[in-house]
Amino acid sequence: MEKQQLKSTLEAILFSANDPLSSLQLEKYFDPKDQVNRADLKATLVLLQQQYHHSGIELKQVQTGYRFQTRQEYKYWVAKHTSERTPKYSRALLETLAIIAYQQPTTRAEIEAIRGVTVSSNIIKTLEERQWIRVLGHKEVPGRPAMFGTSREFLDYFNLKSLNELPKLSDLVSVKDVNFSLNLEQTT
Amino acid sequence: MEKQQLKSTLEAILFSANDPLSSLQLEKYFDPKDQVNRADLKATLVLLQQQYHHSGIELKQVQTGYRFQTRQEYKYWVAKHTSERTPKYSRALLETLAIIAYQQPTTRAEIEAIRGVTVSSNIIKTLEERQWIRVLGHKEVPGRPAMFGTSREFLDYFNLKSLNELPKLSDLVSVKDVNFSLNLEQTT
Amino acid sequence: MDLMNKPTPLAVVQGEVITQPPEDLYIPPEALEVFLESFEGPLDLLLYLIKKQNFDILNIPIAKITEQYMEYMLLMQDIKLDLAAEYLVMAAILAEIKARLLLPIHEELEEEDDPRSELIRRLQQYERFKQAAEDIDALQREQRDTFSISVPKIVDEVEKPLADVQLDELLQAFQAVIQRMDVKSSHQIKRESLSIREKMTHILAQLQEGNFLPFYNLFINIEGRQGIVVTFIAILELLKTHLIDVVQTKAYAEIYLRPATASEENIDIESGKKSL
């Protein structure tokens, strides 16, 4: 196969692949009649890497092979793709947060007992990353599990002065009738 | 923003987008402080289209905007990624789609009049599921039948910028005309 | 109707039209069926007959075409192909045109009054869309001929936008939890104030009797949601004031309450009894 054609073919293959492709995998795209050997392939990959040197994307060799990706320098711009869509937290996360907020200090086992299902580590991690919950201490029981509580940031986020301002638990009994007439400013 | 940087930024944005982006959408990625106006943007898009002229990919303008895609010439190679075959559509489906595309807005009765047979509900369903056609409204005749037209997705799927880019429909010749020009070339 | 006189195709084999069955060759009826089924309708069949014999679509020899059309109809009926009603309607139309052409032409007739004109218009109309369908099929198709590109974006983790949560969502989430716990209590009890202090006393009293209590035993279903909440707060209150301890041997295991004075070693968790 002619050099220029091999380059374009590799572009088409690499750009449309879902996963990184190793040079071994790339080799399998070609039949003997195409007359593409490994040396040609590697040389062309190097050529492609150079060619995209001054562009917004790069041909990067990662663990499992080569892939095109956006350059680090343009992260600011490509981050704007997603900013249009705000992620939503799962019900599991909201319930966990609610239990921590209302029942603090509480352990993971207690949350699980209340919810009736396992609390994934991801949820705790997300809540901690968000700095909404923190470990208040450890319970003096076997395993010394962490006791979680909410943080100042949690109060700030929900525009609460203190935990006392959380909607009353007793309101929950008639929550359907009450219709959530919270006199709280909802900020974002 | 400097020219070269704008080009690279657009590359990063367009290559990582999930859907085609219009120049209007692209404009929104930039703040006033970036000093990117619409003329700069369009000029850079043209530049990019030229730059990828001799490669395995192209910057294509379809109905909803610009997208990078592999060139048709390399479909043989790209097809090797997957074992699944692209669906082949029946003649009945393609004829129905053609009539809707050229005669829109059109009703099922009109499609049936042209094809001379009943249009199965399955065909309409498949076309709607593929989001190629949509109901534009209802005709003010008894029964208020739905009027169908093609969608933006239809144009994007067939690599078209607008309906004007559809292949030309051959002309109808009336019997009267032919009686006066008997040596008309018959293209059968 | 004489099949032998007309080059009526019986089948298409690798693009070649077979007009006469080879004498010593058996054609499976299924092959014929596939061929006949490939017509999209009467107009498609008529177009096929016209093109096959290089007839001028604008000057169709109605008598011949009608004859051939009827032969196909018979063939289709012979192999018991489900004939769409449209085929029969077309047969009637053809017969009518044929009859009208046989009538003596009145002088006032114009060209447009050619009895064939409506059929010709329909055939042409169908033909152009048949062609258009082929043209559309030949267009570059996304995921068939071209593949849109979306490369991974390299973004900093922290730049991921954070989800928004409203306070009432939090409350609703908690309500859902409570409701699930309460799912067994079938009737709504009247709103009656269960004091937390009263509950605390009650729990402590139970603990003194048995010295050891499974956590869940404290939640009495008939008290409903409010009861559960009050009990829970009471337990928390007791814990806070170091009056009780909560014990769990391992993750997901049953939770037990015991008076704060009892030490761990004295409790056999497995049996749930005190084993001094």
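Reminder, nothing fancy here: chain letters follow the sequence lines and each chain counts from 1.
Heavy atoms of Phe30(B) lying under 4.5 Å from chain A belong to its backbone as well as its side chain. Looking at Asp19(A), there are no atoms closer than 4.5 Å to chain B (heavy atoms on both sides), in backbone or side chain. Interface residue Leu21(A): only side-chain heavy atoms are found under 4.5 Å from chain B. Only the side chain of Gln4(A) comes within less than 4.5 Å of a heavy atom in chain B; its backbone stays farther off. Both the backbone and the side chain of Ser8(A) have a heavy atom closer than 4.5 Å to some heavy atom of chain B.
Annotation for Ala12(A) and Val78(B): closest pair O-CG2, 3.7 Å, computed over non-hydrogen atoms. In terms of heavy-atom proximity, Glu11(A) sits nearest to Gly56(B) at OE1-N, 2.9 Å.
Here CG of Leu26(A) is found 11.5 Å from CH2 of Trp77(B). Values are rounded to the nearest 0.5 Å. To the nearest 0.5 Å, the span separating NZ on Lys7(B) from NE2 on His54(A) amounts to 10.0 Å. Taking CD1 from Ile57(B) and CZ from Phe15(A), the interatomic distance works out to 4.0 Å, rounded to the nearest 0.5 Å. Within the model, atoms OG of Ser16(B) and CD of Gln69(A) stand 11.0 Å from one another, a figure rounded to the nearest 0.5 Å.
Below 30°, between 30° and 60°, or above 60°: for His81(A) and Tyr29(B) the angle between ring planes is above 60°, a perpendicular geometry.
Proximity to chain A at a heavy-atom threshold of 4.5 Å picks out nothing from residues 103-138 of chain B.
Sorted by first and then second residue, the salt bridge (Lys or Arg N to Asp or Glu O under 4.0 Å) pairs involving residues 45-66 of chain A (not counting sequence neighbours) are Glu58(A)-Arg71(A).
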